[in-house]
Amino acid sequence: MGTVVLTMKASVIEMFLVLLVTGIHSNKEMTKKIKRLKFNVPQINCDVKAGKIINPEFIVKCPAGCQDPKYHVYGTDVYASYSSVCGAAVHSGVLDNSGGKILVRKVAGQSGYKGSYSNGVQSLSLPRWRESFIVSESKPQKGVTYPSALTYSSSKSPAAKAGETTKAYERPSVPGTTAQPVTLMQVLAVTTAEATHTTLPKPSPSTASTTSSPRPQPMGHRSREMDLWSTPTYTSSQNRPGANPGVQRQDSSGAAFQKPVEADVSLGEMDFWKPGSVLLDAGFVPKEELSTQSLEPVSLGDPNCKVDLSFLIDGSSSIGKRRFRIQKQFLADIAQALDIGPAGPLMGVVQYGDNPATHFNLRTHTNSRDLKTAIEKITQRGGLANAGRAISFVTKNFFSKANGNRGGSPNVAVVLVDGWPTDKVEEASRLARESGINIFFITIEGAVENEKQYVPEPNFVNKAVCRTNGFYSFHVQSWFGLHKTLQPLVKRVCDTERLACSKTCLNSADVGFVIDGSSSVGTGNFRTVLQFVANLSKEFEISDTDTRVGAVQYTYEQRLEFGFDKYSSKADVLNAIKRVGYWSGGTSTGAAINYALEQLFKKSKPNKRKLMILITDGRSYDDVRIPALAAHLKGVITYAVGVAWAAQEELEVIATHPARDHSFFVDDFDNLYQYVSRIIRNICTEFNSQPRN
């Protein structure tokens, strides 16, 4: 009997051990499965920026197609957190355009992110940014736990768009009930409702009920309150059977409003949660910290469209409030399309009626967002439509250094006119063109045949615009068609090579001085000649893109003192003129002209006017006719200045036709200064008399 008992005990113990071992093994297998299932790589869209993700290190999966240039990337190797995560991965070569998994690690912000072209992606430069990140292959490091759900600095998670499930928080089990997962989005929605003291009715377990939002908002309108409601839970619930898609209504203007749909969780269930701790666990940050993280870099502007732009808008009484609003919307759209910034286009607005007034100048708003906001606040002035007075105002006041004019950028004035101006524009426009302003005209609903008798200045558009070839004018039949001119206008104002009126008599020439250094001049008079050369040079706008200055000194021989490409500022040119040393010798003016053509003007830029200013005090030892003719045939406009013993007939041969405008005789070196203004005036008169077609 004892033996039987012992045998039974042994069997029971053996069975218990087998069950124990089996249970442990099964538990291990379950644990392994749980561990294997625990990490799910989050998926994001191409447009998700690293700065929107709070996690310091994470692995994500990028979709295909992130090589598209619309996903902006800033930097090389180390990227500003304002960059597209997946775009940076393609740029760095970690991914190709087919997508895949990557490891992202946040690092400190830095200065001087350099743009580059790599792997089909053009990254951009950025002066500085508060946070950076590095992209590498998705090889998890030992001992590092990577999140299976990302935490975003905005409650409207971009990951949800890509189908990622947001991290769920489960309440503790209650006897007799089934634990229901509560998503982070639902927690945020309810917390926001509580914070705004909005009472939400408890939904029935069987049917979803609608709730009233604190304040109706137009559909698509972005606000902090609506962003918290606009979660993937609500969006996806609209396609579920039995889900209430929300209640819509329209206001008197036809704008649709929609109330948010109730989350599938009762307020009673939320009693188990401490909202504060949940928000902190979820990575939700205080308002002031959130605003810091959501800062976006201010655009530096489109460098391919670096123009200084003034819009002259019609605020006359005849235009009416509705058409004035259309005009403002057109301006706002222009501001958006131009990509305003200090390295690109800058834009100001002048409104005219009886009198013009500047709403804001070139330095007031240096990005498209602020500019659009300012345009919205413009109110109509009323009065007549004195566009001519407005053009004069812009010429005298708007394009100044104090108002943000950058000097090297083309000046453009776009005049919008409802019908026709009530004053004349021809003379004001001529002065504007001679000041280097490119005038565009947009006429809307122009005069019909029986109205033309009321137009003060027939053909006013062609009298105003920079050129009469159609490039500078738009005729719009109706205000409702104004938007059709947006893209053509932007393209034209940004085509700086065709902005012909940017070139003035003072900023578009290569000026070569040919200076007589013969023995008859003498040291003292030679210094007077150099002062005359310096005084003429001061009148020009000198830079490597504007007017350039070079100088040759001659006797029997010739010497290049400095070429057109030697100095690119007025100060440097004036200093170089001071340093020219007196040579002394004979007078071979013909040979000097040939030398200047070869050493100076052969290197002149194709788009520059070639001006030769020759100063001599006597008759040449060689023939000047053939060299002078060669200069004229090569398009070099020659001014001949003779002093003391110079031969008048020889000066007239050297000078461009008509000789009376291009040759000058001075009886004494000390009187040279009197001819500076006259020579400059003749240069500008000739330039401005060119046909405008």
Side-chain angles (χ1 to χ4, degrees), residues 39-110 113-126 128-141 144-167 184 227 232 282-285 289-290 292-297 299:
F39 180 64
N40 180 36
V41 177
Q43 182 174 335
I44 61 174
N45 283 339
C46 296
D47 61 352
V48 174
K49 299 169 184 175
K52 294 293 184 182
I53 302 172
I54 293 177
N55 307 80
E57 192 169 349
F58 51 90
I59 295 177
V60 290
K61 184 177 181 181
C62 292
C66 296
Q67 197 179 58
D68 195 305
K70 69 181 179 181
Y71 306 120
H72 293 170
V73 177
Y74 298 86
T76 301
D77 297 329
V78 178
Y79 302 95
S81 64
Y82 189 62
S83 305
S84 157
V85 174
C86 299
V90 176
H91 180 270
S92 66
V94 174
L95 289 183
D96 57 24
N97 201 36
S98 61
K101 298 177 184 178
I102 56 170
L103 173 62
V104 180
R105 182 165 58 89
K106 298 282 190 72
V107 294
Q110 63 181 41
Y113 295 91
K114 293 184 178 180
S116 63
Y117 183 81
S118 178
N119 302 305
V121 175
Q122 176 65 60
S123 71
L124 306 173
S125 298
L126 196 65
R128 64 185 63 83
W129 196 241
R130 63 178 181 274
E131 183 184 58
S132 310
F133 69 98
I134 299 171
V135 184
S136 59
E137 295 180 0
S138 60
K139 294 180 180 178
Q141 299 180 12
V144 178
T145 303
Y146 298 97
S148 57
L150 301 176
T151 307
Y152 291 85
S153 62
S154 170
S155 58
K156 189 169 183 178
S157 167
K161 300 178 189 176
E164 179 193 345
T165 304
T166 50
K167 189 172 182 179
L184 171 61
D227 274 348
F284 196 84
V285 292
E289 187 178 345
L290 179 60
T292 301
Q293 292 192 359
S294 61
L295 285 174
E296 297 186 355
S299 172

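Sorted by first and then second residue, the ring-ring contact (aromatic ring centres under 6.0 Å, His included) pairs with a member in residues 49-69 form an empty list; sequence neighbours excluded. For residues 54-83, no residue pair satisfies the salt bridge (Lys or Arg N to Asp or Glu O under 4.0 Å) rule, not counting sequence neighbours. Residue pairs that meet the disulfide (SG to SG under 2.5 Å) test with at least one member in residues 70-100, sequence neighbours left out, are C62-C86. Within the structure, salt bridge (Lys or Arg N to Asp or Glu O under 4.0 Å) pairs that include any residue of residues 95-110 comprise K106-E131 (at least two apart or interchain).
Looking at residues two or more places apart in sequence or on another chain, you find a side-chain hydrogen bond (donor to acceptor under 3.5 Å, both in side chains) between S132 and Y113. By the side-chain hydrogen bond (donor to acceptor under 3.5 Å, both in side chains) test, S92 is found to be paired with no residue, residues two or more places apart in sequence or in another chain being considered. Judged as a ring pair (Phe, Tyr, Trp, His ring centres under 6.0 Å), and not counting sequence neighbours, Y71 has no contacts. Among residues two or more places apart in sequence or in another chain, the side chain to side chain contact (heavy atoms under 4.5 Å, CB included) test is passed with A88 by V73, Y79, F133, V135. Residues passing the side chain to side chain contact (heavy atoms under 4.5 Å, CB included) test with S136 are L103, sequence neighbours excluded. In this structure S83 satisfies the side-chain hydrogen bond (donor to acceptor under 3.5 Å, both in side chains) test with no other residue, sequence neighbours excluded.
Checking each of L150, N55, V48 against V60 for a side-chain contact (heavy atoms from CB on, under 4.5 Å) leaves exactly one that passes, namely L150.
Counting heavy atoms of neighbouring residues, nucleotides and ligands inside a 6.0 Å radius, atom CD of E137 does not exceed 12 of them.
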